[in-house]
Every structure is written in structure tokens, then in C-alpha cells.
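Here is the naming used below: chain letters follow the sequence lines, and residue numbers restart at 1 for every chain.
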Amino acid sequence: MQVRTRFAPSPTGFLHIGGARTALFSWAYAKHHDGKFILRIEDTDVARSTPEAVQAIMDGMHWLGLDYDEGPYYQMQRMDQYKVMIQKMISEGTAYYCYCSKEELDALRESQMQAGVKPRYDGRWRPEAGKVLPPAPADTPPVVRFKNPQSGVVAWDDMVKGRIEIANEELDDLIIARADGTPTYNFCVVVDDWEMGITQVIRGDDHVNNTPRQINMLKALGATIPQYAHLSMILGDDGQKLSKRHGAVSVMQYHEDGYLKAAVLNYLARLGWSHGDAEVFSMQQFCQWFDLHHITPSAAQFNTEKLNWLNAHYIKEMPLAELAVDITQRLANMAVTVHVAPDLQAVLGLYRERANNLNQLARDIAYFYSEPQAAAADIEKHITPEIKPVLAEFLIKLEALAWHAEAIHTLMNETVTAHQLKFPKLAMPLRVMLIGIAQSPSIDQVMAILGKEKSISRIKAYLN
RNA sequence: GUCCCCAUCGUCUAGAGGCCUAGGACACCUCCCUUUCACGGAGGCGACCGGGGUUCGAAUCCCCGUGGGGACGCCA
């Protein structure tokens with residue numbers, strides 16, 4: 001049987017890190033089994049769903065390269081199917097009308113909470129053999145409830161948590177259609193997973209409590225029960241739960257914040273899943289390995305430091321031409337225009353070894369294309385009155401030099417030797433003059449790439 | 001409150017009864033490299049939540065605690 005997995009977000013916000021990982025795992029599982037990955041938008045909460053959120057989710061998936069084979073399907077466009085199913089269940093006696101008002105239900109819940117029992121519908125409108133139902137009130141439009149079995153247990157072998165059993169006594173008759181006739185989440189999921197032929201339901205573990213209800217409905221419908229895999233959640237860097245109010249950001253924010261998608265993907269894959277000691281791997285490799293085994297059942301805390309480390313790794317690995325395209329854009333965002341010279345790829349080749357963030361990398365090399373502005377403290381510390389004559393002499397020789405790193409290095413060596421100075425005495429002021437800060441790769445290499453003209457003019461500017 | 005889930009270094013994790021004196025990675029510390037800052041290299045620090053069983057033997061299996069989380073909606 002062909003594997004079919006799905007990612008089913010509700011479009012009430014952006015694609016956050018937890019959703020992205022769920023999508024990634026579903027996607028990878030389908031890829032691993034040569035199956036299909038389906039995107040389904042669960043937009044039945046009309047009040048909170050927005051087209052912008054749909055777009056944001058698709059943007060996030062697109063950035064990460066989580067392409068879907070089918071969809072997006074929109075639940076709001078499948079109302080007819082749900083209504084057919086609801087009618088079918090009513091006529092078959094596996095669902096029934098309930099005329100309780102919201103107030104009535106609230107009161108019931110309240111009293112149950114107070115009594116210390118699990119709040120649940122008491123089945124007052126549930127038809128039973130020999131039971132006399134109250135007359136239907138004319139002014140209350142009914143909801144439809146699923147007639148959940150009252151005895152026995154629902155059990156499934158969760159692919160990440162193992163066997164889970166829940167007694168039917170714990171479950172009540174959930175509402176599958178609202179008073180206005182629209183179906184509710186749990187019901188739509190059941191119909192969709194069935195009709196779309198989903199073989200593995202991979203989702204967050206906040207859904208384990210929905211699973212027994214869904215299985216019961218699937219059974220009532222005579223549907224095949226898919227396999228379930230419930231992924232634990234991702235906690236923030238501080239160990240706290242991620243929420244709109246606290247730390248949950250869009251995956252696109254990582255792009256803006258200077259992260260490579262390869263790093264984010266690799267990091268997410270490794271969060272709650274492992275393959276022996278493997279830490280760094282491609283998505284191709286991941287899909288080959290990923291079979292839903294070795295997923296950690298416990299919650300995982302996000303660790304930005306490790307993401308940074310992976311980011312550094314992928315910045316080094318990436319083809320220079322590709323890196324150049326990305327950095328050009330980031331420089332443009334900083335109002336810095338990349339010119340033909342110095343050659344951006346050469347600059348990046350020199351600088352990327354030390355970077356773990358694309359924005360940082362862009363900032364580090366901005367001075368190749370814009371005028372540096374050194375801090376007064378650095379100027380005072382490094383460009384001392386004592387060194388200025390040495391620099392002036394160095395500058396004259398520099399002007400006559402054949403411009404390449406080795407020659408510059410040799411000249412620097414000769415200069416410090418002649419004046420009995422330590423190498424940094426010359427290198428540090430050059431850094432400040434040439435790029436505005438005291439940290440850089442080998443300054444001779446920086447000069448070689450910066451170019452003779454710019455190097456000389458920037459030094460001169462300090463020697464008047 | 002009721003039900004469900006979870007529990008190995010600070011963090012992500014390896015571990016499916018003996019291979020464990022518990023392995024790897026990030027972070028941290030030390031040293032090396034060095035032209036500053038990084039990169040890199042070599043070392044180091046550092047954990048099986050507690051208590052009972054089962055067993056010749058338990059991080060691994062069972063039970064009970066404890067702690068954390070989730071769910072209990074005409075939200076998804």
C-alpha cells in the first residue's frame with residue numbers, strides 16, 4: 001500500500017518551528033517510502049482563519065523545500081462531503097441530535113468540575129433502546145453528536161509513544177456538527193484522513209486525546225484506521241512552552257535572522273529524532289534514514305547555540321556563487337550595493353570561515369563596498385603617533401608593490417623588522433584604517449582583495 | 001479535579017538486560033595553531049529523578065512515588 005501522509009495546519013497564524021518540524025517529519029516519511037505528502041488546510045474555524053495565514057504557511061514550507069504532492073485541500077471547500085457523512089451517521093444511528101443550549105452545557109461542566117469529575121456530556125439526548133427523550137425544543141437548533149461507545153477500550157500502537165489505551169468511559173459524545181450545521185474539527189479530520197487515504201497520521205502530541213475519539217468515529221464509519229505517530233512538542237530556549245506571547249516565531253523569521261534553510265532543516269530533524277551519532281546530514285540522507293523510529297517521546301528544548309553551529313557549518317559548505325546571491329540581497333537590505341570589485345566571491349571565501357550567521361557575514365564584509373567608520377577608541381588605541389611614520393613609509397612602498405597577498409605580507413614583515421616592532425603593531429592599525437574595526441582575517445589578504453586603490457586611499461586618509 | 005503522556009550530562013541525544021568505568025554533538029574550561037577576532041586541532045568538566053521489586057546481572061523490565069507536560073470547547 002502506498003504511504004500517504006499529510007500536514008494539516010489551521011491557518012490562524014504563521015508556520016512556527018513546531019509546525020515546521022511536524023511537516024518535515026511527515027514529508028520525510030512519505031519521501032522515505034516513496035509515498036505522497038499532502039497539504040490540507042483546516043480552516044473550519046472561520047472566525048480565526050485567514051488567507052494571509054494560508055499564504056504564510058505555504059511560504060514557510062516553500063522556503064524549507066517541503067513540497068507537497070497533493071493539495072492544498074481546504075476543508076471549507078469540502079462541506080458537502082462532511083454533511084453527507086453526518087447524515088449517513090444519523091441515519092445509521094451512530095450520531096444523534098442534541099438540543100442542549102450552550103448555557104445548559106456550561107452549567108453541567110461547572111458542576112462536574114466542582115464535583116471533581118472529568119467534565120463531559122452526560123448523554124441526556126443520547127437515544128437508547130427503551131429510553132424516552134424529552135420533546136425537542138422548538139427554539140433551540142440542535143447540534144449533532146457522535147454516539148461514542150460506552151464500554152470497552154480504544155487502543156492503538158502509537159509509532160512514537162507505544163501502545164496507548166483509553167477506556168470509552170472516559171470519552172463523551174462529542175459534537176460533530178454545530179447548531180449552524182458546520183462540522184467540527186474532529187469530524188472533518190476523520191472524514192478527510194479516511195477519504196484522502198492517509199496511512200500515517202503524524203501530528204503533535206496535543207492530539208493524543210483526540211485520537212481515541214477519531215478512531216471510534218472511523219470505526220463507526222467503517223473506515224480503515226491509519227497508523228498514528230504523535231510528536232512531542234518543542235520548548236523554547238528557556239525550557240518554556242512556545243506560544244504567541246512567548247517566543248513562537250515564524251520559520252521565515254529564521255531566514256530573516258540570517259539562517260540557512262539547510263541549517264534549520266538539519267537542526268529540526270535532529271530535534272527529537274536521531275540516527276546514532278549522526279549530527280550533520282543532508283535532507284536526502286535524512287529521508288533515506290527517516291522511518292519514524294528513534295523519535296524521542298519527550299519534549300525537546302530548542303537550542304539556538306546548536307543551530308548557530310550548524311549554520312556555520314552550512315555557510316562553509318555552500319557553493320560560493322549561491323552564498324554571494326544571498327549576501328548581495330542582505331547587503332542591499334543594509335543599503336550597501338555590491339560592485340564588481342572587490343569580487344564578492346573572493347571576499348566571502350575569505351570571510352565565511354568565521355561566520356555562523358548570514359546577517360553577521362554581510363555586516364562583516366560591508367566595508368568592502370562602503371566606507372568604514374572606525375570607532376574613536378580603536379583609532380586612539382591602534383593608530384598611535386609612534387606608528388604613523390612607520391605607516392607613512394609603508395604606504396610609499398605599498399604604492400610601488402605588485403598587488404598580491406604574499407607581496408604585501410613580505411613588505412609588512414620587512415617593515416616591522418626594520419623598526420623592531422611586533423607584527424600586530426602594524427597589522428592592527430591597518431585593520432582599523434582599512435575596514436574600521438580591529439578584527440579581520442589576515443590583513444594582507446584583506447588588502448589583496450580590497451584592491452590597491454582602495455587600500456591606499458583608506459590608509460592615506462589617516463596620515464594627513 | 002479526572003484522564004493521558006513524559007523523565008540519561010546545562011541542552012539535543014546514543015542506549016532495545018551483560019558490549020556502560022554510560023557514547024556522540026552543542027555550550028563551557030584548558031592547551032595548541034596565530035597577525036587581532038574567529039575557524040581549526042588536542043584534551044577536560046559533566047547525566048541514568050527517588051524508592052521498591054524481577055534477575056546471576058537493570059539506564060534498559062514491573063510497581064509505587066516525585067517532578068514536568070498535555071487534554072478535558074458548538075477551537076483546531
**Q** How does protein contact run along nucleotides 67-76 of chain B, one letter per nucleotide 5' to 3', with B for base contact, S for sugar-phosphate only, - for none, heavy atoms under 4.0 Å?
**A** --SBSBSBBB
**Q** A:Lys381 NZ to B:U36 P: how many Å, rounded?
**A**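 Going from NZ in A:Lys381 over to P in B:U36 covers 12 Å.
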**Q** Which part of the nucleic acid, if any, lies within contact of A:Pro441, taking any heavy atom under 4.0 Å across all strands shown: a base, the sugar-phosphate backbone alone, or nothing?
**A**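 Base, at least one base atom sits under 4.0 Å.
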**Q** When you measure from the side-chain N and O atoms of A:Thr296 to the phosphate of B:U13, is any distance below 4.0 Å, counting only OP1 and OP2?
**A** yes
**Q** Calculate the interatomic distance between A:Phe394 atom CZ and B:U35 atom C1'; express it in whole Å.
**A**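 Distance check: A:Phe394 CZ to B:U35 C1' gives 12 Å.
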**Q** Which value, rounded to the nearest 0.5 Å, describes the distance between A:Lys454 atom NZ and A:Ile459 atom CD1?
**A**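 Between atom NZ of A:Lys454 and atom CD1 of A:Ile459 there are 14.0 Å.
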**Q** Does A:Phe423 have its ring centroid less than 6.0 Å away from the ring centroid of A:His409?
**A** yes
**Q** Touch check for A:Gly272, heavy atoms < 4.0 angstrom, all strands: base, sugar-phosphate only, or nothing?
**A**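 Here A:Gly272 touches the backbone only, sparing every base.
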**Q** Specify the closest pair of heavy atoms between A:Leu66 and A:Ala20, including all atoms of both residues, with the distance to one decimal.
**A**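 Shortest heavy-atom separation between A:Leu66 and A:Ala20 comes out as CD1-O, 4.1 Å.
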**Q** Say we look at B:G40 and B:C33: how far apart would their C1' atoms be, to the nearest angstrom?
**A** 8 Å
**Q** Considering only the P atoms, how many Å lie between B:C64 and B:C3, rounded to the nearest integer?
**A** 13 Å
**Q** Please give the nucleotide sitting opposite B:G1 as a Watson-Crick or G-U wobble pair, both distances under 3.5 Å, or none.
**A** B:C72
**Q** In whole Å, I'd like the distance from the CH2 atom of A:Trp156 to the P atom of B:C4.
**A**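 Result: 11 Å.
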**Q** Using a heavy-atom cut-off of 4.0 Å across all strands, would you classify A:Ile443 as base, sugar-phosphate, or nothing?
**A** base
**Q** Let me know, please, whether A:Ala300 or A:Ala427 comes out on the 5' side of the other along RNA chain B by nearest nucleotide.
**A** A:Ala300
**Q** Distance check needed: B:A16 C1' versus A:Arg163 CZ, whole Å only.
**A**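 Rounded to the whole Å, the gap is 19 Å.
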**Q** Do the rings of A:Tyr82 and A:Phe187 sit parallel, tilted or perpendicular, given the 30° and 60° boundaries?
**A** perpendicular
**Q** Mind telling me if B:C39 is syn or anti? Syn here is a glycosidic angle within 90° of 0.
**A** syn
**Q** With rounding to whole Å, what would you report as the distance between B:G52 and B:U60 at their P atoms?
**A**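 13 Å, rounded to whole Å.
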**Q** Can you tell me the pairing partner of B:U21 across any strand shown, Watson-Crick or G-U wobble, with both distances under 3.5 angstrom?
**A**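 Pair assignment: B:U21 / none.
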**Q** Taking atom P of B:G10 as reference, at what distance in whole Å does atom CG of A:Asp238 sit?
**A** 17 Å
**Q** Let's see if you can work this out: which of B:U2, B:C6, B:G15 has an atom nearest to the side-chain heavy atoms of A:Glu170?
**A** B:U2
**Q** Just to verify, which of A:Phe281, A:Tyr29, A:Tyr267 counts as forming a ring-ring contact (aromatic ring centres under 6.0 Å, His included) with A:Trp273?
**A**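 Result: among A:Phe281, A:Tyr29, A:Tyr267, A:Phe281 is the only option passing the ring-ring contact (aromatic ring centres under 6.0 Å, His included) with A:Trp273.
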**Q** Distance check: side-chain N/O of A:Lys316 vs OP1/OP2 of B:G40, anything under 4.0 Å?
**A** yes
**Q** So what's B:C26 paired with, Watson-Crick or G-U wobble, going by both distances under 3.5 Å?
**A**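 B:G10 - that is the nucleotide pairing with B:C26, both distances being under 3.5 Å.
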**Q** What is the base-pairing partner of B:A38, counting Watson-Crick and G-U wobble geometry with both distances under 3.5 Å?
**A**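 No nucleotide pairs with B:A38.
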**Q** For a quick check, with a 4.0 angstrom heavy-atom cut-off, what is the B/S/- contact string for nucleotides 22-30 of chain B, read 5' to 3'?
**A** -BBBSS---
**Q** Contact class for A:Ser442 (heavy atom, under 4.0 Å): base, sugar-phosphate, or nothing?
**A** base
**Q** Tell me whether the centres of the aromatic rings in A:Phe37 and A:Phe25 are closer together than 6.0 Å.
**A** no
**Q** Would you compute the distance between atom CD1 of A:Ile225 and atom NZ of A:Lys219 and round it to the nearest 0.5 angstrom?
**A**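 It is 6.0 Å, given to the nearest 0.5 Å.
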**Q** Provide, to the nearest angstrom, the distance between the CG atom belonging to A:Leu231 and the C1' atom belonging to B:C5.
**A**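 So the CG-C1' distance, A:Leu231 to B:C5, works out to 14 Å.
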**Q** Take the protein atom CD1 of A:Ile383 and the nucleotide atom C1' of B:U36, then report the distance between them rounded to whole Å.
**A** 14 Å
**Q** Under 4.0 Å, counting only non-hydrogen atoms across every strand here, what does A:Asp444 touch: a base, just sugar-phosphate, or nothing?
**A** base
**Q** Is the distance between the ring centroids of A:His382 and A:Tyr462 under 6.0 Å?
**A**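 Centroid distance A:Tyr462-A:His382: not below 6.0 Å, so no.
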**Q** Would you say the rings of A:Tyr99 and A:Trp125 are close, in the sense that their centroids are separated by under 6.0 Å?
**A**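 Ring-ring flag for A:Trp125/A:Tyr99: true, centres closer than 6.0 Å.
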**Q** Which nucleotide, if any, forms a Watson-Crick or G-U wobble pair with B:C61, using both distances under 3.5 Å?
**A** B:G53
**Q** If you measure from the C1' atom in B:G41 to the same atom in B:G67, how many Å do you get, rounded?
**A** 42 Å
**Q** Starting at CG of A:Asn148 and ending at C1' of B:C3, how long is that distance when rounded to a whole Å?
**A**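 The distance from CG of A:Asn148 to C1' of B:C3 comes to 14 Å, rounded to the nearest Å.
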**Q** Any protein N or O atoms within reach of nucleotides 61-63 of chain B? Criterion: under 3.5 Å, listing atom names and distances.
**A**
none

**Q** Base, sugar-phosphate, or nothing for A:Ala438, non-hydrogen atoms under 4.0 angstrom?
**A** base
